Amino acid sequence: MAGQGRVKLKIDHVEKTFQSRKGEVVALNGVSMDIMENEFVSVVGPSGCGKSTLLNIIGGLTEPTSGAVYCDGEEVTGVGTERGVVFQQYALFPWLTVRGNVEFGLNMQGVKKEKAYEIAMKYIKMVELEDFVDSYPKELSGGMKQRVAIARAYAANPSVLLMDEPFGALDAQTRTQLQEELLQTWEKEQKTCFFITHDVDEAIILGQKVVIMSARPGRIKEIVDINIPYPRNQETKMTTEFLDVKNYIWSQVYKEYLAVKK
Ligand SMILES: Nc1ncnc2c1ncn2[C@@H]1O[C@H](COP(=O)(O)OP(=O)(O)OP(=O)(O)O)[C@@H](O)[C@H]1O
Ligand SMILES: [Mg+2]
């Protein structure tokens with residue numbers, strides 16, 4: 001798994017400087033890393049260190065100031081169906097039902113109606129929302145909306161999933177449940193995942209690697225391999241292996257939080 005196979009995403013000396021009223025903000029200062037096909041990479045780091053900026057550059061939503069990202073060897077110059085994004089705030093279409101939201105991308109891709117229905121239902125079942133197919137977003141809880149967003153991303157069948165704190169707004173119980181669902185789905189239909197979180201436990205339980213970013217201007221401070229075998233579940237969080245790596249990552253991240261405060 002980790003370290004094998006072929007490079008899916010190449011992040012090559014990416015720099016990003018924003019112009020703001022207060023002057024220039026260097027959000028990313030030379031970020032390079034290779035992400036392998038089907039690899040699950042978690043990203044942690046203090047607020048403002050450039051995590052979302054990096055995700056948006058990989059997604060083709062933001063242009064780097066210099067450097068480039070390559071997906072399957074091709075330079076990313078805009079959004080593409082092979083790269084699906086899940087944001088923290090669900091971003092569902094309020095005028096569409098659960099099924100309508102999940103089918104949306106498929107319709108855009110020109111998938112035939114019956115096929116789109118079949119695919120949508122498969123992923124709606126995966127996230128256990130089959131009783132809510134005809135409900136509208138306003139009728140759903142936060143956790144349910146986030147399930148729809150995940151089903152929608154999977155249904156479009158991207159080979160890369162970019163997730164920016166997708167569970168950040170959820171209560172602890174819903175969060176662990178969605179972690180389990182995401183783990184099971186990734187174990188079944190491996191995809192290359194780039195998953196941002198502030199939660200070190202979440203980063204470790206999901207990821208084959210945890211990227212620790214340093215305080216602004218964002219750089220990669222360290223990449224930690226998580227050599228805990230899959231399948232993993234919540235009980236994995238009690239193991240010594242897990243606790244050891246958690247202590248280590250937490251101490252490294254904490255230093256960066258302190259650097260921000262200074
Ligand atoms: N459009 C923009 N214009 C100006 N500055 C920006 C813009 N987007 C981000 N920044 C700045 O770039 C830096 C990195 O922001 P980014 O959103 O990537 O951080 P982050 O690591 O995702 O933080 P958080 O954990 O709070 O989500 C911040 O200092 C932010 O103020
Ligand atoms: Mg962010």
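Just so you know, ligand 1 is whichever comes first in the structure, and atom 1 is the first atom listed for that ligand. For clarity, every value in this text was computed on a predicted model and none was experimentally measured. Computation of the quantities below employed the complete heavy-atom set of this structure, encompassing side-chain atoms and omitting hydrogens, waters and symmetry-equivalent molecules.
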Item checked: Any N or O of Q19 closer than 3.5 Å to N or O of ligand 1 -> no
Check: With a 4.0 Å cut-off on heavy atoms, does H198 reach ligand 1?
Finding: yes
Next item on the list: Considering heavy atoms of the protein only, find what lies nearest to atom 3 (N) of ligand 1 and give residue, atom and distance to 0.1 Å.
Entry: F18 CD2, 3.6 Å
Notebook entry, point to check: Do other residues, nucleotides or ligands put more than 12 heavy atoms under 6.0 Å from H13 NE2?
Noted result: no
Check: Got the closest protein heavy atom to atom 26 (O) of ligand 1, with its distance?
Finding: S47 OG, 2.6 Å
Next item on the list: Out of C49, S52, G45, indicate the one that has the non-hydrogen atom closest to atom 17 (O) of ligand 1.
Entry: S52
Check: Please state which protein non-hydrogen atom is closest to atom 12 (O) of ligand 1 and give its distance, to 0.1 Å?
Finding: A27 CB, 3.5 Å
Checklist line | Among V43, T53, L28, closest by any non-hydrogen atom to atom 18 (O) of ligand 1 | finding: T53
Next item on the list: Give the residue, atom name and distance (to 0.1 Å) of the protein heavy atom nearest atom 30 (C) of ligand 1.
Entry: V25 CG1, 4.8 Å
Next item on the list: Could you find the nearest protein heavy atom to atom 25 (O) of ligand 1 and give me its residue, atom name and distance?
Entry: K51 NZ, 2.8 Å
Notebook entry, point to check: So is M213 in contact with ligand 1, going by heavy-atom distances below 4.0 Å?
Noted result: no
Next item on the list: Select the closest option to atom 23 (O) of ligand 1 among G50, S20, G48, P46, judged by heavy-atom distance.
Entry: G48
Margin query: Counting neighbours of CD on E235 that are heavy atoms of other residues, nucleotides or ligands and sit closer than 6.0 Å, is the number greater than 12?
Written below: no
Next item on the list: Kindly confirm whether the Mg ion (ligand 2) is within less than 2.8 Å of some N/O/S atom in T53?
Entry: no
